[in-house]
Structure formats: C-alpha cells, structure tokens
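A short write-up of the structure that comes next.
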Amino acid sequence: MSRPKNQNYKGHGLSKGKEREQRASIRFKTTLMNTLMDVLRHRPGWVEVKDEGEWDFYWCDVSWLRENFDHTYMDEHVRISHFRNHYELTRKNYMVKNLKRFRKQLEREAGKLEAAKCDFFPKTFEMPCEYHLFVEEFRKNPGITWIMKPVARSQGKGIFLFRRLKDIMDWRKDARSSDDQKDEIPVENYVAQRYIENPYLIGGRKFDLRVYVLVMSYIPLRAWLYRDGFARFSNTRFTLSSIDDQYVHLTNVAVQKTSPDYHPKKGCKWMLQRFRQYLASKHGPEAVETLFSDMDNIFVKSLQSVQKVIISDKHCFELYGYDILIDQTLKPWLLEVNASPSLTASSQEDYELKTCLLEDTLHVVDMEARLTGREKRVGGFDLMWNDGPVSREEGPPDLSGMGNFVANTHLGCVNDRNNQLRQLFRSLQNQKKVSS
Amino acid sequence: MRKAQGSWEKRILKSLNSMCTELSIPLARKRPVGEQKELLNKWNEMGTDEPDLSLFRPVYAPKDFLEVLINLRNPNYENGDSLSFRTHLGLIQVPLKVKDIPELKEFFVELGLTTGQLGIDDSTQVPPELFENEHVRIGQKVLAEQDSAAAQQYIRQGSPTALRAELWALILNISSQPEDILYYEQLKTNVIQHDLLVDSLIYKDVKLTASNDDYYFVFEDYLYQVLLCFSRDTSVLGHFAYNSASPPKSYIRGKLGLEEYAVFYPPNGVIPFHGFSMYVAPLCFLYHEPSKLYQIFREMYVRFFFRLHSISSHPSGIVSLCLLFETLLQTYLPQLFYHLREIGAQPLRISFKWMVRAFSGYLATDQLLLLWDRILGYNSLEILAVLAAAVFAFRAVNLMEVTSLAAAEAVLADLSTLKVMPLLQIFLFATVT
C-alpha cells in the first residue's frame with residue numbers, strides 16, 4: 001500500500017502499509033486487580049488468560065518486565081504496557097540526568113531562551129555522588145529548605161525535609177574511608193531537591209496535580225494527554241514552620257490516608273475541571289491558558305529528553321502519571337513521573353475517572369484494529385504530540401509560523417467522551433462499509 | 001403569619017436554652033486571656049480544632065421547619081367545603097398569591113429561548129462568536145462603568161466566570177472600604193474575646209455539612225472565619241425591620257423578664273440551623289479575602305437568605321416558594337403530582353431542603369453559581385421554586401415508576417449532573433401547557 005501523498009498530516013502510528021487483522025478474541029493478562037480488571041473483563045471480545053497461557057495483551061507490573069521482557073518473544077500485534085527502560089523517565093535520578101543533558105543540548109542548538117523552557121524541575125542533586133556539588137549550591141542559598149527523596153520508592157515513603165547539612169550526614173561522600181566501606185551498609189540512593197516554599201494554596205492547603213499522559217511510541221514521539229485528572233490536597237494547612245510534619249508537605253493520598261486528620265469521607269481530591277474553573281474565576285482565563293500551556297511544555301520536553309534513550313519497541317505503550325506542583329506565581333513544576341500510576345479508586349468519582357481513563361487507553365492502543373490512525377481525539381485523550389506539535393485546527397499545519405497555533409490539548413476541559421466515542425466509532429463503521 | 005413566626009421562634013429559643021442548661025454551658029462567656037491568644041494564633045486554621053461536639057445537636061433542621069409550615073392555617077380564610085379541581089392538594093394550606101407559568105414567563109423574559117444565556121449558549125458546541133464573546137465584552141463594559149443597575153440587568157443572562165466576583169460585588173453594593181475592613185477586624189476581636197454557645201453549633205454544622213462535601217471541604221477555615229463573625233454582627237439586626245421574624249432575646253443571669261437586662265442572642269439575632277454554613281460555602285469560590293467574603297455573605301443573607309427560614313407572606317419567602325412549587329407541579333404535571341401523593345411521597349417533602357439551602361450542596365458549583373446569578377439579577381428567590389419543579393419534570397418518567405417515598409428520594413438524590421439553565425428554559429418556555 002502506498003504512502004499517502006499529503007506529507008502534512010501523519011497518522012498516529014498504527015501499522016500502515018498492511019491491513020491489520022481483526023482478531024476473533026483478544027487474550028489479555030494482568031496481575032493488577034481493581035479498576036483495570038473491571039475494564040478488561042468488560043471489554044467485548046477480550047478473554048482473560050491465566051498462568052502460562054499465551055496472551056495478546058499484557059498489563060504487567062514493572063518487576064515482571066525487568067525479569068522477563070528480554071527473553072519474551074512477541075508477535076507483531078502483541079502489546080505490553082511498559083517500555084523496557086522506562087526508569088530513564090520515572091526514576092528521579094535518571095530523569096534529572098536526562099533532563100540536564102537535554103537542556104544542554106537545547107542550549108547548544110537553539111539558544112538560552114529555548115533551553116530555559118526546561119527549567120520546570122527544581123534543582124536536584126544525586127546523593128551521595130553529587131554531594132559536593134550539592135553542598136556548593138546549599139551554601140549559596142542559606143536558609144532555604146530542601147527535600148530528600150529516595151530514588152526508587154513511591155507513595156511518599158522515605159521522604160523528609162531538611163535545612164541543615166547535619167541532617168543528611170549519612171550521604172556525605174567522604175564520610176567513609178575505604179577501610180570502613182566494606183562494613184558499612186550501603187546508603188540508599190536519594191536525590192536532594194530544592195523544596196518549593198511558595199506553593200499555590202487553596203483554602204490554606206497545599207496540593208499537587210495528577211495528570212495522565214499516554215505514550216504510544218518514542219521514535220517517533222507520539223503522546224496523548226487525558227482531559228481529566230485531579231488535584232490532591234494535603235489534609236492540613238501549609239506552614240513552613242513544621243517541616244517535620246510529613247502530612248503537611250506530602251500530598252500523596254497514600255500518606256494522607258495515615259494522617260490522624262484523614263476522614264475518608266472527605267476525599268481530598270478535586271477534579272481538574274473544578275480546579276480549572278476555580279483558577280479562572282480567580283485569575284482570569286488568560287492566566288489559566290498560560291499555566292496549562294506551560295504544563296503541556298513540561299510533558300513534551302520531559303518526553304523529548306528521554307526520547308533517544310528509551311528503547312522504542314513497537315509492542316510497548318505506557319500510561320504515565322505526572323505529578324505537577326503549582327507555585328504562587330502560577331508556574332508549574334514537575335515533581336515526578338510515575339510509570340505505574342495508582343489505578344485503585346478512592347471514591348466513586350475516582351472509580352469513574354480511572355475506568356474511563358483505562359477504557360480510552362485501550363481504545364487508543366486499538367487491539368481491535370478499528371482506528372484509521374489519523375484521529376486527533378479518542379474519548380478523553382487528545383493527541384498532544386505526533387512527531388511534532390499537534391494543532392487544534394483542522395487541515396494542514398500553519399507552516400508560515402505565524403503563531404496562530406493552538407495546541408490540541410484540553411486538560412481540565414469538558415470531557416464529553418461518550419458522545420465523541422459514539423460518533424467516532426459510528427463513522428469508522430461507515431468508512432469500513434464504504435470501502436468493503 | 002406573624003403569630004406563627006412568633007411561636008416558631010419561641011420553640012427554637014426554648015430548644016437552645018434547654019441545650020444550654022443540659023450541657024451547663026453558658027450562652028456566652030468571656031474567654032480567658034490564654035485561650036484568646038491561642039484562638040488568635042489559630043485563626044486561619046480553626047478547622048484543625050476538634051472540639052468535642054458530640055453532645056451538641058443542631059437547633060433545628062429544615063424538616064422540622066417544614067412541619068411548622070405545613071401546619072399553617074389562616075383562621076380567617078373560608079374557601080367553602082366542597083372539593084373541586086381547584087383544591088390545593090399539596091402540603092401548604094395557606095392561600096398566598098403565586099405566579100403561574102404565563103406570569104413567570106413574563107417575569108423571567110430574559111431566560112427565553114431566543115435570548116442568549118450563559119449555561120446554555122457557552123457550551124462547547126456553540127461557537128463563541130455567536131453569543132459568548134459579545135456577552136463578555138458587555139460585562140467588562142458594565143464593570144468599567146460601575147453601573148449597578150446595568151449589572152443587575154446584565155446578569156440575568158448569566159455572568160462569565162472571570163467577571164462574576166466583581167459583578168456580584170457591584171450588584172450588592174460592596175466595595176472594600178477601610179471602614180469595612182476595620183469593622184470586620186472588630187468582629188474578629190469580639191470572637192477572640194468572647195465565646196458563644198452558638199459558636200459550637202456553627203462548628204458542628206460546618207463539620208457535618210461543608211467539611212464532608214467533596215468540593216467545599218477545602219474552604220472549611222473560611223467558613224469559621226465568616227460565620228463566627230457573622231453571629232456577633234449586630235448590624236444584621238437591621239434586617240429585622242423588614243423581616244416578619246424578631247430576633248430572639250435572652251436575659252442576663254438572674255434577671256429574667258426584666259427588659260433592661262435583655263440582650264439579643266446571638267448578637268446578630270440569627271440562630272443557625274443544620275445546613276446554614278452551606279449559604280457561605282459557594283461564595284468561597286469567588287472571594288478569598290476574608291473581609292470581602294464576609295461582606296458579600298452578609299449582604300446576601302440580609303437580602304435573600306433570611307427569607308428562606310422565616311415565616312412571612314413575601315413572594316420570595318419560603319412559604320410562597322413552597323406554594324409556588326406545589327402549584328406549578330399540580331397544575332402542569334398533575335399525573336406526576338397525584339401519583340407521588342398517592343404513594344405517600346408529597347413532592348414538597350423532597351424539594352423543601354433544596355429550596356431552604358438555595359440548592360447549595362445539591363448542584364455542581366458552576367451550576368449553582370449560574371443559578372445565583374439569576375437570583376441577583378431578578379432580585380427574587382422564586383427561581384428556586386421553578387427549578388425545583390423543573391427537576392421533577394425532568395425526572396418525571398422515573399418518578400412515575402416508583403412506589404415509595406424512599407424510592408422517590410433515591411431518584412432525586414443526586415442533582416450534581418443537572419444543567420440548570422436548560423432545565424429552566426425547557427420548563428418555562430418549551431413545554432406545552
């Protein structure tokens with residue numbers, strides 16, 4: 001099949017050049033329970049395989065991946081829910097390294113202004129190997145607060161704040177002489193990061209945003225942004241005077257659940273639509289547009305920074321959970337990227353969000369081979385990056401660079417996914433009828 | 001009406017006093033200095049306080065109030081013994097004049113099908129050039145000219161999100177002068193210095209309602225800051241001049257009955273009931289500066305909200321609203337009304353709580369704000385009764401199939417997905433009557 005002549009619009013990467021077969025049934029496997037299992041079991045034509053059976057689709061956990069990916073043969077149509085070396089993006093120390101390197105490259109190629117667009121990550125140092133660099137920075141900024149995070153743990157475990165060097169003596173690189181080293185328990189790898197002391201507060205409380213980004217391939221880079229997400233609130237009022245109080249500073253629901261103030265009925269989440277409306281009524285629509293387009297920038301640049309490092313296997317896709325913190329100047333900061341965002345629901349509303357998110361993820365992965373590959377929107381997902389920015393407008397992109405470009409992202413906007421899916425699948429069916 | 005209001009007030013006050021004696025807590029006491037300092041420090045996070053409130057009960061809940069209204073009878077009214085199709089089958093048996101649909105259509109003419117509305121014509125399918133952009137532009141102009149009357153007329157078609165806070169302030173004539181901020185600070189000092197029994201009731205109400213709400217829990221601290229000051233604000237007493245209610249009085253210890261020792265209790269004359277804090281919660285979405293939030297709330301209260309819990313014959317009073325609701329339902333949805341009545345589910349029993357709270361906590365916030373835009377624009381609460389009827393009309397098919405009050409409640413339990421303006425428009429302008 002010949003490639004379409006129109007070079008201006010590229011399909012989003014489903015196998016062109018060959019008719020994809022419709023499968024009679026799709027065998028799926030997963031070890032996760034909760035919402036994912038519900039969605040998979042309810043999907044028409046999908047059957048569960050257990051134990052050693054052959055599968056077409058595997059939503060695996062990262063430990064399985066680490067042990068088995070390299071010696072598992074997968075047919076062309078098979079899909080798996082992680083990239084082999086996703087940790088380049090999701091482990092805090094690797095992400096920092098990749099981002100720093102990408103920034104340098106941008107500065108060389110496109111100048112300081114372009115490189116400054118990568119300044120969404122608070123200054124971070126790996127410990128203990130960058131201990132000395134950290135101390136230099138520490139001394140240049142006396143009195144500020146820093147946060148220590150273990151590189152590989154999740155749900156807020158092991159995190160603490162500090163202002164004095166003696167609180168982190170364990171990570172001093174030269175504290176141990178070579179004689180002692182063999183007796184020492186090796187210190188876990190941490191990163192020391194500049195703590196954002198002026199977070200945006202709502203009702204006196206700190207919060208962070210959880211946003212979902214689906215990456216279908218890295219080379220070329222194709223990423224979708226989900227319209228829904230939520231703001232997670234800390235249960236207690238924000239103050240810098242109590243840096244020992246974990247509950248104040250960490251907004252992960254897992255940590256909040258153990259706070260003595262936590263009342264499960266309260267739920268401490270706002271849907272992004274509510275958050276967006278709140279901001280718009282306080283700061284006006286333009287400020288909100290700017291904030292959200294800065295967030296788009298975070299998603300794209302972070303993915304670009306690992307583009308050349310991640311093994312882009314066509315069987316792989318990945319649904320990332322981005323954690324974003326907004327400061328009082330309405331600047332968004334990237335806290336971290338999660339390769340396995342929690343899919344457990346903490347409330348009815350949460351259950352619906354995650355169920356729809358997963359259904360739409362499966363629509364985009366498209367095991368049923370229904371999509372044409374030219375869609376810009378599937379359910380709640382908008383195609384954000386397709387080897388280049390994707391515009392909201394129809395038709396060929398504005399090559400004159402005259403800046404009428406509006407990105408095809410709708411984070412926190414109305415998500416009328418049911419209508420959209422109905423129309424989409426109906427028109428796909430019609431197209432099939434016409435061509436068969 | 002006044003008699004009924006009088007006896008209702010006596011009941012409330014009796015309940016308050018007996019709670020006071022039961023729990024041996026004074027109605028008011030001066031705080032010791034240590035406690036004052038502590039409260040001042042915690043002013044911005046009173047929500048973290050977890051005082052033992054288990055023994056406190058709200059003084060009354062909307063359904064208690066409904067019982068009182070149901071039993072209102074006008075002893076002078078004679079309507080003849082025979083039952084006719086004009087007999088009112090609802091719960092309210094007071095013959096007040098309420099508007100019918102043709103009159104409502106005239107009154108709410110700007111909500112008509114041919115006029116642009118925010119809440120309908122700003123949806124994603126409608127290109128903004130058709131209405132929204134122009135409407136926003138006009139709104140900005142109105143604000144620039146600081147024209148309060150024009151703002152009131154303008155807001156009948158809804159307020160753009162970014163302009164709402166200022167528009168409401170303009171319509172309510174709130175401008176943050178230094179005197180206003182000072183007055184608020186003065187109230188705050190009163191709170192610090194004296195502890196009122198009513199404070200515990202406020203705490204309990206906030207914890208039971210707003211703190212449990214998925215969206216308003218964030219504003220818990222603001223609610224305390226507003227309501228505690230509100231209960232000490234004697235300027236609120238001014239509204240009793242046009243309110244059929246009178247502020248409850250209390251007497252200094254040992255001087256019962258001696259008028260020279262009578263004080264209004266609470267100082268603002270308003271005893272909070274279960275759900276009272278929900279009047280304030282939606283405003284936290286718009287105003288973040290405590291003294292401005294306070295002023296807006298106070299003004300909303302003395303103009304509108306007080307009518308929702310006092311007995312009067314005013315067309316925006318709760319009695320008229322109930323009657324309007326029932327009449328609309330009985331006249332335009334007679335089958336539904338009759339069916340619900342037969343199964344023991346008088347519609348007012350379900351819709352009463354919506355109207356008393358002006359739908360706060362029942363609708364999604366953005367929809368609620370669109371509704372309150374119209375309350376301000378038309379300077380009337382009648383729209384609450386119309387919306388309540390419209391909700392019943394919308395869910396009529398399901399309601400016709402239920403066979404018990406509990407099932408009817410279940411059908412109407414969740415209003416959070418409703419879009420207010422289309423419902424109102426269809427009910428008023430697009431239904432064949």
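Per chain, numbering begins at 1; letters A, B, ... match sequence-line order.
The part of B:Tyr222 that comes within reach of chain A is its side chain, from C-beta onward, which places non-hydrogen atoms under 4.5 angstrom from that chain. Looking at A:Glu349, only its side chain comes within 4.5 Å of chain B, counting heavy atoms on both sides.
For the options B:Leu369, B:Val218, B:Asp366, heavy-atom pairs under 4.5 Å to chain A are most numerous at B:Val218. The candidate from B:Leu163, B:Thr365, B:Leu286 with the greatest count of non-hydrogen atom pairs under 4.5 Å with chain A is B:Thr365.
By the 6.0 Å and 45° rule, B:Lys292 does not stack over the aromatic ring of B:Tyr287.
Two residues are said to be in side-chain contact when any heavy atoms from C-beta on lie closer than 4.5 Å; B:Glu289 and B:Tyr184 fail this criterion.
B:Phe394 CZ: 12 or fewer foreign heavy atoms inside a 6.0 Å radius.
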Pair B:Phe276-B:Arg357, side-chain contact (heavy atoms from CB on, under 4.5 Å): steps then yes or no: CA-CA 8 Å; B:Phe276 194 85; B:Arg357 282 214 211 155; over 6 Å; no
